[in-house]
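What's counted below: heavy atoms across the whole structure, side chains too, no hydrogens, waters or symmetry copies. Just so we're on the same page: letters track the sequence lines, and every chain starts at 1.
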There are 2 protein chains.
Amino acid sequence: MAKNRKIDMVILGLLSHESLTGYDIKKRIDGAIRFFWKGSYGSIYPALAAMETQGLVTRAAETDSDGGSCGREKTAYAITDNGRQALLRWLNDGKASNDMKYETLLKLFFGGSADIATSIDNIQRFGVEIRDELRLLRVYQDNLSGTIGDKEHLHYYLTVTFGIETYEAYLRWCAEAIQTLTDAERQ
Amino acid sequence: MAKNRKIDMVILGLLSHESLTGYDIKKRIDGAIRFFWKGSYGSIYPALAAMETQGLVTRAAETDSDGGSCGREKTAYAITDNGRQALLRWLNDGKASNDMKYETLLKLFFGGSADIATSIDNIQRFGVEIRDELRLLRVYQDNLSGTIGDKEHLHYYLTVTFGIETYEAYLRWCAEAIQTLTDAERQ
DNA sequence: AAATGATATATCTGTTTGATATATCTGTAT
DNA sequence: ATACAGATATATCAAACAGATATATCATTT
């Protein structure tokens, strides 16, 4: 049987707050979640269909937003009780795979085959990206800092501080690594 | 055509130092590389076959180690000049995708649906894993610290310091997050 | 001689990515 | 009004990938 689909839990987690369409789910994943997970339409829509069959989600009422005339086709999904149980089982199963795929580090690992200037350039590009993301994370942090009395917001907040502290460490490393390589370049 | 296979560059990078079998390649990936990339047999063997067709790698001589009698079947691959060029093009193309898939953070993000004790437990498990990995990285660091005058070793060294500084940041965050959640649990 | 565990190659199933196709709706400029 | 750009929405496909498993050989111990 199936049951190795991690995306299921992302979807159930999002639906535990509100009913959403596949498109909405993709937008949520591309928001605050993208710092530690990602998902594509190619996994979201099939997962929704499979979970509907399994009774973990159902199609929610399809009113168009303003109750106006015949709105466009739009399928929102809602979580079921079975879905909530599945989500809780996952939260409590004590297992978690944590994997990076950092192409920048891969390029650095094999950077001995190229010029040192290439490695410096690759690290600099990485640093620019991280700086941009860090700026965004700090906006998230500011927006959340008033409401961490709420249990849910506190959990969001902790994932944001994880991102911030991690990215700050990246930037410190970038500076050191560039310095080290620059020194090596000058012999 | 194909050409979105990132694993190709891992394999070419490894083969640029020495000829290796698919099994050897897997072992290398599970070594120092696993901190920022991973690969499975299901991607390695097909990639080797495809790259042989493309002329990026060739089958190397298949002697059994001691020149003894008829050794067991064993297919080592060597990089070609075209392979080296492909590796260099990749190192210099200025593109890199850097993505995490951290299930622990996902569980924390949706942790509002469970007990705070569950979140604390999930963070603690993460911390234990990271502490173990960090110990290993420090061994790598010690082994390399004498030879960073060598350009290749210097590059390895920088990927190790990336891991160390990142993991140290994780551990600081773990301690803070557990403290925050413990306080919240007590109200 | 038998058992065990490491080495070695390969394949299979299911999942996921990344790209693309199709179409509708909304706001804006002409 | 209308044309258009850009956002919304659903869906699908090929290629890439993970994780598990099957098979077999070799080296070492028992």
Side-chain angles (χ1 to χ4, degrees), chain A residues 1-11 19-31 33-34 37-54 59-60 62-66 68-77 95-101 103 106, chain B residues 1-11 19-31 33-34 37-54 57 59-60 62-66 68-77 95 97-101 103 106:
Chain A
M1 203 192 288
K3 218 51 302 198
N4 257 26
R5 274 199 320 268
K6 296 285 170 62
I7 190 70
D8 285 9
M9 297 306 140
V10 183
I11 294 173
S19 295
L20 295 167
T21 66
Y23 187 77
D24 291 330
I25 289 168
K26 171 68 170 150
K27 273 192 299 182
R28 296 286 189 291
I29 293 176
D30 289 343
I33 292 179
R34 77 159 190 289
W37 203 269
K38 40 187 257 179
S40 57
Y41 291 128
S43 59
I44 294 168
Y45 284 107
L48 281 169
M51 288 198 293
E52 194 188 5
T53 308
Q54 294 172 269
R59 278 157 196 266
E62 311 185 15
T63 51
D64 57 308
S65 45
D66 311 83
S69 62
C70 229
R72 71 177 294 187
E73 206 176 344
K74 190 170 168 174
T75 312
Y77 290 84
K95 287 177 286 188
S97 69
N98 297 299
D99 296 303
M100 279 185 169
K101 284 213 157 179
E103 201 173 350
L106 204 52
Chain B
M1 204 193 285
K3 219 53 299 207
N4 255 28
R5 276 202 318 270
K6 297 285 171 59
I7 191 71
D8 285 8
M9 297 306 142
V10 184
I11 294 173
S19 295
L20 296 167
T21 66
Y23 187 77
D24 290 330
I25 289 168
K26 171 67 170 151
K27 273 192 299 183
R28 295 286 189 290
I29 294 176
D30 290 343
I33 292 179
R34 77 158 189 288
W37 203 269
K38 39 188 257 179
S40 56
Y41 290 127
S43 59
I44 294 168
Y45 284 107
L48 281 170
M51 288 198 293
E52 193 188 6
T53 307
Q54 295 174 269
V57 302
R59 278 156 196 267
E62 310 184 13
T63 52
D64 58 308
S65 44
D66 310 83
S69 62
C70 227
R72 71 178 294 189
E73 206 176 343
K74 190 169 169 174
T75 313
Y77 290 85
K95 287 177 286 186
S97 70
N98 297 299
D99 296 303
M100 279 186 170
K101 285 213 155 179
E103 201 173 350
L106 204 52

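Straight-line distance from the CG atom of A:Asp24 to the C1' atom of C:dC25: 15 Å, rounded to whole Å. Remark: P of D:dG19 and CZ of B:Arg34 are 14 Å apart, rounded to the nearest angstrom. The distance between atom CG of B:Leu48 and atom C1' of D:dA16, rounded to the nearest whole Å, is 15 Å. One atom, CG of B:Asp99, and another, P of C:dG18, lie 7 Å apart when rounded to the nearest Å. Computed from coordinates, the B:Lys101 NZ to D:dA16 P distance equals 17 Å when rounded to whole Å. As a whole-Å value, the separation of A:Met9 CE from C:dT16 C1' is 16 Å. Rounded to an integer number of Å, the gap from CD1 of B:Ile25 to C1' of C:dA10 is 14 Å. If you take CZ of A:Arg5 and C1' of C:dT17, they are 15 Å apart, rounded to a whole angstrom.
When distances run from any side-chain atom of A:Tyr45 to the nucleotides C:dT9, D:dT12, D:dC17, the shortest one goes to D:dT12. Side-chain atoms of B:Lys38 lie closest to D:dA18 of the nucleotides C:dT17, D:dT8, D:dA18.
Of the side-chain N and O atoms in B:Ser43, none sit less than 4.0 angstrom from OP1 or OP2 of D:dA16. For the pair A:Tyr23 and D:dT8, the criterion of a side-chain N or O lying under 4.0 Å from OP1 or OP2 is met.
The CD1 atom of A:Ile29 sits 8.5 Å away from atom OG of A:Ser40, with the distance rounded to the nearest 0.5 Å.
The side-chain contact (heavy atoms from CB on, under 4.5 Å) search around A:Ser97 returns A:Lys6, A:Asp99, B:Glu103, not counting sequence neighbours. A:Ser19 pairs by the side-chain contact (heavy atoms from CB on, under 4.5 Å) definition with A:Ala60, A:Ala78, not counting sequence neighbours. Listed by chain and number, the residues in a salt bridge (charged side-chain N to carboxylate O under 4.0 Å, His left out) with A:Lys27 are A:Asp24 (sequence neighbours excluded). Remark: B:Lys101 pairs with A:Trp37, A:Lys38 by the side-chain contact (heavy atoms from CB on, under 4.5 Å) rule, at least two apart or across chains.
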Polar-atom pairs under 3.5 Å, protein N or O versus N or O of nucleotides 19-21 of chain C: list them with distances, or write none.
none

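Note on A:Lys6: only backbone sugar-phosphate atoms sit closer than 4.0 angstrom, heavy atoms only; bases stay farther off.
Residue pairs meeting the salt bridge (Lys or Arg N to Asp or Glu O under 4.0 Å) criterion with at least one partner in residues 40-53 of chain A, sequence neighbours excluded, are A:Glu52-A:Arg59.
Of the listed residues (A:Arg28, A:Lys26, A:Arg34), just one forms a salt bridge (Lys or Arg N to Asp or Glu O under 4.0 Å) with A:Asp30, and that residue is A:Lys26.
Summary of the strand contacts: B:Lys27 and B:Ser97 both lie near DNA chain C, and taking for each the nucleotide with the nearest heavy atom, the more 5' one is attributed to B:Lys27.
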